[in-house]
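Let me begin by presenting the structure, written as structure tokens, before commenting on it.
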Amino acid sequence: MAFGPFLLLALMEGMVTAAVLALAACGLSLVFGVMRVVNVAHGEFYMLGAVIAWAVAAFMPGPPALAFAAALVIAPLLVAALAAAADALILKRLNYDPEATIVATIGLLYMIQQATLSIYGPNATPVTAPFEWRIQLPWFGYSGYKLFVILAAVLVLLGLWAIMTRTRAGLIMRATQVDRTTAQSFGINVDRVYMGTFAFGAGLAALAGVLIVPIQQAHYLMGGDPLLLSFIVVIIGGLGSLRGTVIAALFIGLSDGVISMMFSPTLAKIIATLLVAMVLVFRPQGLFGAKA
């Protein structure tokens, strides 16, 4: 394959990575922006989305498209419910203390991971894509499902933007983010806002896991890389900045796709880590984050 088509293929693969990464990272950024909680278990919510999608596909009768559509609804809702329970039973009792919640979410990570291993097993399992359509370009054929992943992520991110900027719920979340005490004085139930935000962020991660599982395979250890990349994206974009998170996810995803296909995935991770180090040295608040 000539260099031009090869580069196009790498960029298209990078767009898929960026789309899924943007969803997962926006969930992480939203939780930190509103709650000031670093959720180390975020990657396990991503993994649960993929595993639940496999379970729905395996046990639900009917065509793969129907099972996948059901998984798109069921998995984020179940994971969001689990996250809401974790918030009520763990994070709220710690009064959302930054240091304590880091330790608590590390414990939650291992609890979810080991529970999934016990129930689901150690094997990676494929999930059939909802459709097999391919777009035929002059140089190669490309999966129509991967294009669907990009489109779905764009629509969800637009919906997230609309919620945060055009709805009362978004206004309440932004008010709580700016000043928790003032928000409480205006009658806002901050604990309920925190629970909803934590559940919403987990649901976004689970949705990303559902979208990626027909491309990869469901596995109980698959949450590690998305967690690392999500932290990289959030740090580069700016803690709590959804706009910066999306832009950073696009940059990291495209660079990861190109470097992974032309050189090696390890080199892509090394460059991303070096970029984080440079951002922390020269602009600690991130490219789009506000100064403390």
Side-chain angles (χ1 to χ4, degrees), residues 14-39 42-43 45-46 49 69 72-73 75-77 79-80 83-84 87 146-180 183 188 190 192-212 226-227 229-256 279 283 285-291:
M15 280 297 297
V16 177
T17 301
V20 175
L21 181 56
L23 287 178
C26 277
L28 186 65
S29 180
L30 187 67
V31 168
F32 179 83
V34 176
M35 304 172 62
R36 294 296 186 264
V37 167
V38 178
N39 179 20
H42 194 70
F45 293 143
Y46 174 98
L72 282 174
V73 177
L77 289 178
V79 173
D87 175 85
K146 291 183 178 181
L147 297 178
F148 165 78
V149 169
I150 297 172
L151 177 61
V154 170
L155 293 177
V156 172
L157 292 172
L158 288 174
L160 176 61
W161 171 82
I163 289 172
M164 294 301 296
T165 60
R166 296 290 187 269
T167 67
R168 185 173 182 271
L171 177 62
I172 290 174
M173 291 168 69
R174 287 185 285 122
T176 306
Q177 175 181 356
V178 172
D179 193 323
R180 172 181 177 174
I188 294 175
V190 172
R192 185 176 298 174
V193 173
Y194 280 4
M195 179 184 291
T197 301
F198 197 69
F200 192 28
L204 285 174
L207 180 61
V210 175
L211 289 174
I212 201 63
L227 177 64
L229 289 175
S230 292
F231 273 122
I232 288 174
V233 164
V234 170
I235 291 171
I236 292 174
L239 294 171
S241 171
L242 293 179
R243 178 186 62 166
T245 298
V246 172
I247 294 173
L250 185 63
F251 175 79
I252 292 296
L254 289 175
S255 61
D256 184 82
V279 169
R283 192 173 172 84
Q285 73 271 25
L287 298 181
F288 294 90
K291 290 185 179 181

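Throughout, numbering of the chain's residues begins at 1 and tracks the sequence.
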[X] and [Y]: which non-hydrogen atoms are nearest, and at how many Å?
| X | Y | answer |
| --- | --- | --- |
| Ala248 | Gly237 | CB-N, 3.8 Å |
| Arg180 | Tyr194 | CD-OH, 3.5 Å |
| Ala208 | Ala24 | CB-N, 4.1 Å |
| Ala206 | Ala75 | CB-O, 4.1 Å |
| Ala84 | Met195 | CB-CG, 3.8 Å |
| Ala25 | Val233 | CB-CG1, 3.8 Å |

Over 12 foreign heavy atoms within 6.0 Å of CZ, Phe231: yes
Heavy atoms from other residues, nucleotides or ligands near CZ of Arg174 exceed 12 (cutoff 6.0 Å): yes
Quick one: do Leu204 and Leu160 satisfy side-chain contact (heavy atoms from CB on, under 4.5 Å)? Show the steps, please. CA-CA 10 Å; Leu204 285 174; Leu160 176 61; 4.2 Å; yes
Is any side-chain heavy atom of [Y] closer than 4.5 Å to one of [X]?
| X | Y | value |
| --- | --- | --- |
| Thr167 | Ile172 | no |
| Trp161 | Leu242 | no |
| Met35 | Asp87 | yes |

Could you walk me through whether Met173 and Leu30 satisfy the side-chain contact (heavy atoms from CB on, under 4.5 Å) test, starting with their C-alpha distance in whole Å, then the side-chain angles of each, then the deciding distance to 0.1 Å, before giving a yes or no? CA-CA 9 Å; Met173 291 168 69; Leu30 187 67; 3.8 Å; yes
Working to the nearest 0.5 Å, report the span between [atom1] of [X] and [atom2] of [Y].
| X | Y | atom1 | atom2 | answer |
| --- | --- | --- | --- | --- |
| Arg166 | Leu171 | CZ | CG | 12.0 Å |
| Ile212 | Leu21 | CD1 | CG | 10.0 Å |
| Asn39 | Phe45 | CG | CZ | 5.5 Å |

Out of the candidates Val210, Val20, Leu207, only one should pair with Tyr46 under the side chain to side chain contact (heavy atoms under 4.5 Å, CB included) rule; please name it. Val20
Of Val178, Val190, Thr197, which meets side chain to side chain contact (heavy atoms under 4.5 Å, CB included) against Val34? Thr197
Trace of the side-chain contact (heavy atoms from CB on, under 4.5 Å) decision for Leu254 with Thr17: CA-CA 7 Å; Leu254 289 175; Thr17 301; over 6 Å; no
Cation-pi check for Phe32 against Arg36: NZ or CZ below 6.0 Å from the six-membered ring centre and within 45 degrees of the axis, yes or no? yes
Could you please spell out the steps behind the side-chain contact (heavy atoms from CB on, under 4.5 Å) verdict for Ile236 and Phe251? CA-CA 10 Å; Ile236 292 174; Phe251 175 79; 5.6 Å; no
Among residues two or more places apart or on two chains, list those pairs meeting side chain to side chain donor-acceptor pair (under 3.5 Å) that have a residue in residues 22-32. Ser29-Thr245
